[in-house]
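All heavy atoms count here, side chains included; hydrogens, waters and symmetry mates do not.
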Amino acid sequence: MLIHHPRSTPQLHRDFLDRAVSILAADSRVVGVAAAGSYSADLMDDYSDLDLVVVCEGASFDEVMQSRKQVASKLGRLVAAFTGEHVGEPRLLICLYGPPALHVDLKFVRIEDLKDRSDQPTVLWERDVRLTEALAHGKQAFPPPDHQWIEDRFWVWVHYGASKIARGELQEALDFFSFLRGCVLGPLGLERAGKAPIGVRRVELVPELASLLANTVATLNAPALLEALENTIAAYLTLRASTVKVNTDGEYVAMNFLHQVRSQMG
């Protein structure tokens with residue numbers, strides 16, 4: 001089966017796709033196969049994952065879902081696979097093939113599931129025109145960060161981080177700041193820069209944002225963590241949208257508590 005791959009596609013990925021799509025096309029339950037992510041954007045490199053969308057006949061969907069690992073095992077030497085409930089996507093099967101090592105995400109969907117999607121995948125093969133027609137309609141948009149949702153929680157999070165530092169739970173504080181980068185600062189900054197607001201993915205493409213986030217990374221000691229928390233707050237205030245209803249009381253209480261912690265620790 002001849003697939004016209006994007007120019008950036010590494011040979012390892014090309015070889016896998018050529019083999020995998022042919023195997024999936026032989027399964028009568030499969031309507032079509034598409035590739036999303038960096039493949040469809042022609043931004044691949046040797047370290048890229050493959051994000052495959054396997055579109056199934058509606059009547060066969062439940063059967064395919066029950067046999068996902070068996071389907072995946074036919075595509076190459078499968079060494080590990082697990083489902084994606086932890087990222088809120090139970091239809092996803094996250095796979096590692098190798099050697100050589102290749103990460104492949106297989107997302108199993110029905111045609112009607114393509115109405116709302118986070119990006120526009122590239123059709124690799126289809127049994128008829130239903131996949132192409134489905135992708136020509138519907139809404140394609142990566143969910144933007146909910147600015148008010150963040151503001152309603154941010155000052156509670158500030159208090160939490162400061163309290164962990166004050167108590168000496170430095171590992172917890174260090175880990176928590178990573179959460180704030182991935183769920184607050186990264187999405188807000190990437191959205192502002194016109195990029196997909198996916199955690200801190202590819203923030204290096206926005207040097208100003210990358211520099212802002214770098215100041216929120218700390219070493220494992222209380223003074224460094226306090227400075228990182230203060231820099232996290234400063235970054236948030238820089239990125240916070242002017243349209244949100246600011247929780248002034250929450251901000252005052254959290255900042256006052258942080259100042260107390262700073263004074264107590266010298």
Which atom pair, heavy atoms only, marks the closest approach of [X] to [Y]?
X    : Y    : answer
P90  : M65  : O-CE, 4.0 Å
C95  : A72  : SG-CB, 4.0 Å
L114 : A134 : CD1-CB, 4.1 Å
V79  : G98  : CG1-O, 3.6 Å
S48  : D45  : OG-N, 2.9 Å
I150 : C183 : CD1-O, 4.0 Å

Counting N and O atoms only, with roles assigned by atom type, does the side chain of [X] sit under 3.5 Å from a partner on the main chain of [Y], one being a donor and the other an acceptor?
X    : Y    : result
R68  : V64  : no
E126 : T132 : yes
S60  : C56  : no
R127 : V30  : yes
H137 : E133 : yes
D51  : A35  : no
S263 : H259 : yes
S211 : P207 : no

Determine whether the side chains of [X] and [Y] contain a donor N or O and an acceptor N or O closer than 3.5 Å.
X    : Y    : value
H13  : Y39  : no
E191 : H147 : yes
Q171 : D175 : no
D152 : Q148 : yes
N231 : T216 : no

V71 and R29: CA distance, side-chain angles, deciding distance, side-chain contact (heavy atoms from CB on, under 4.5 Å) verdict: CA-CA 11 Å; V71 172; R29 303 171 300 178; 3.9 Å; yes
For atom [atom1] of [X], is the number of surrounding heavy atoms from other residues, nucleotides or ligands below 6.0 Å larger than 12?
X    : atom1 : value
R14  : CZ    : yes
Q66  : CD    : no
R201 : CZ    : no
E208 : CD    : no
R19  : CZ    : yes

L52 and L17: CA distance, side-chain angles, deciding distance, side-chain contact (heavy atoms from CB on, under 4.5 Å) verdict: CA-CA 9 Å; L52 296 187; L17 287 171; 3.5 Å; yes
side-chain contact (heavy atoms from CB on, under 4.5 Å) between V203 and L190, intermediate numbers included: CA-CA 7 Å; V203 296; L190 287 168; 4.1 Å; yes
Aromatic plane relationship, F179 with W157 - under 30° parallel, 30 to 60° tilted, over 60° perpendicular: perpendicular
State yes or no: do [X] and [Y] share one hydrophobic cluster built from I, L, V, M, F, W and Y residues joined by side-chain heavy-atom distances below 4.5 Å, directly or via other members?
X    : Y    : answer
V123 : V129 : no
L43  : V53  : no
M265 : M255 : yes
F176 : L174 : yes
L180 : V253 : no

Determine, for [X] against [Y], whether the closest basic-nitrogen to carboxylate-oxygen distance falls under 4.0 angstrom.
X    : Y    : value
D27  : K74  : no
E151 : K245 : no
E251 : R240 : yes
E57  : R110 : no

Please round to the nearest 0.5 Å and tell me the distance separating atom [atom1] of [X] and atom [atom2] of [Y].
X    : Y    : atom1 : atom2 : value
L75  : I23  : CG    : CD1   : 5.5 Å
T238 : I233 : OG1   : CD1   : 12.0 Å
L102 : D49  : CG    : CG    : 8.0 Å

Full working for side-chain contact (heavy atoms from CB on, under 4.5 Å) between T219 and L225: CA-CA 7 Å; T219 52; L225 286 164; over 6 Å; no
Within-4.5 Å side-chain heavy-atom neighbours: H5 and M44: no
L188 vs Y236 side-chain heavy atoms within contact, under 4.5 Å: yes
Ring centre gap for F108 and F61 strictly below 6.0 Å: no
